[in-house]
2 protein chains.
Amino acid sequence: MPYQDGTFGCPVEVGLQRISGKWKPRIIYELLQETRRFGELQRLIPDVSRHVLTTQLRELEKDGIVNRTAFLTMPPKVEYSLTDFGKSLEPILEQMIKVGEHYISLQKNETNNTGS
Amino acid sequence: MPYQDGTFGCPVEVGLQRISGKWKPRIIYELLQETRRFGELQRLIPDVSRHVLTTQLRELEKDGIVNRTAFLTMPPKVEYSLTDFGKSLEPILEQMIKVGEHYISLQKNETNNTGS
DNA sequence: CACAATAGTCAGATTTTTATGACTATGTCA
DNA sequence: TGACATAGTCATAAAAATCTGACTATTGTG
């Protein structure tokens, strides 16, 4: 919803807000590989709690990034996949990986140089 | 610092963490235009408090994204600019803007359709 | 009957992030 | 002398995000 002045906020902030969340980029990354069930995502991302995983998936769904398909079998089965828009986030993720690798390589150098 | 198992964490998370922060993308965006003084940034981003602006600038400096140049004049003058690495973030910001604009255009449509 | 599996929900606690307002230093201007 | 400007710091409060552990439903298996 727009502000009182009719603007919609800074696009950078709006965009970033949609993929912010401790686990969202990671979830998107896993779904870029292939469709996953809820339990698979839990196993792939072991540090996320069930609750937060649910919450973040729901938000991603609301924001048109993931599709949720529930099979009313017993036990239940729920599959998550990326929407076309979700797939369009791949370049951002790739660039973010480069940024991350930049920092990781810095950390590796720090670790190697034992201050001699 | 690496984990006990020798890994350095998911690069996506590492990268995103460095530019996460309510105002960091906006700060980077402003500095992509040109070097700015502290007070200018405050005026350009009126909703950020002095304290948080300072904090986020310090983190960006620590993470090698911005340069801080203090002139010991009176009254003091401090200039912030992007490092080369900071400038390399421009494509990410641009793509994030596209994502943000996508959502903003959705909101505009919602606003126009009064549910007829 | 008890137990396992799936995909959750929920309340409450904890942690992290952001906001608020008071305070600092120093020199110039009136 | 008192006020103003710059670029902050600091303590505390409030808000947002995340974590934890208990709980749900249903069917199949032993």
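Per chain, numbering begins at 1; letters A, B, ... match sequence-line order.
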Can you give the donor-acceptor pairs under 3.5 Å from side chains of residues 82-92 of chain A to other protein atoms, not counting sequence neighbours?
| residue | atom | partner | partner atom | Å |
| --- | --- | --- | --- | --- |
| A:T83 | OG1 | A:G64 | O | 2.6 |
| A:T83 | OG1 | A:I65 | O | 3.2 |
| A:T83 | OG1 | A:F85 | N | 3.4 |
| A:T83 | OG1 | A:G86 | N | 2.9 |
| A:S88 | OG | A:F85 | O | 2.5 |

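- Going from atom CZ of A:F71 over to atom P of C:dG8 covers 12 Å, rounded to whole Å.
- From A:Q33, atom CD reaches atom CD1 of A:I28 across 12.5 Å, with rounding to the nearest 0.5 Å.
- Counting any heavy atom pair closer than 4.0 Å across all strands shown, A:Y80 reaches sugar-phosphate atoms only and no base atom.
- Atoms CD and CD, on A:Q56 and A:E61 in that order, are 14.0 Å from each other to the nearest 0.5 Å.
- Within a heavy-atom distance below 4.0 Å of DNA chain C, no residue of residues 30-42 of chain B is found.
- More than 12 non-hydrogen atoms from other residues, nucleotides or ligands lie less than 6.0 angstrom from OH of B:Y103.
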Fill in the blank from the handout: Expected string for nucleotides 14-30 of chain C under the B/S/- scheme (protein heavy atoms, under 4.0 Å, primed atoms plus P, OP1, OP2 as sugar-phosphate) is ----SBB-B---BS---
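- The interatomic distance linking A:K77 (NZ) with C:dA5 (P) rounds to 18 Å, in whole Å.
- The side-chain contact (heavy atoms from CB on, under 4.5 Å) test applied to B:K22 returns no partner, not counting sequence neighbours.
- Listed by chain and number, the residues in a side-chain contact (heavy atoms from CB on, under 4.5 Å) with B:S20 are B:L16 (sequence neighbours excluded).
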Exercise for the section: Under the side chain to side chain contact (heavy atoms under 4.5 Å, CB included) rule, what do A:L41 and A:L31 come out as? Steps first, then yes or no, please. Expected result: CA-CA 9 Å; A:L41 287 172; A:L31 295 181; 4.1 Å; yes
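- Sorted by first and then second residue, the pairs that involve residues 62-71 of chain B and meet salt bridge (Lys or Arg N to Asp or Glu O under 4.0 Å), not counting sequence neighbours, are B:R18-B:D63.
- Sorted pairs that involve residues 35-81 of chain B and meet ring-ring contact (aromatic ring centres under 6.0 Å, His included), not counting sequence neighbours, are lacking altogether.
- If one axis is set at each end of the helix from C:dC1-D:dG30 to C:dA30-D:dT1 from five pairs, those axes are 30° apart, to 10°.
- Shortest non-hydrogen contact noted between A:S81 and A:T35 is CB-OG1, 3.4 Å.
- Only at 4.0 angstrom or more do the heavy atoms of residues 58-67 of chain B sit from any atom of DNA chain C, so none qualifies.
- Taking every heavy atom of both residues into account, A:P11 and B:I97 meet most closely at CB-O, 3.8 Å.
- In this model, the phosphate group of D:dT6 is approached by a side-chain N or O of B:R43 to a distance below 4.0 Å at OP1 or OP2.
- Identified under the salt bridge (Lys or Arg N to Asp or Glu O under 4.0 Å) test for residues 23-43 of chain B, with sequence neighbours left out: A:E13-B:R26, B:K24-B:E59, B:R26-B:E30, B:E34-B:R36, B:R36-B:E40.
- For A:V48, the side-chain contact (heavy atoms from CB on, under 4.5 Å) test picks out A:W23, A:I45, A:V52, A:L53, with sequence neighbours left out.
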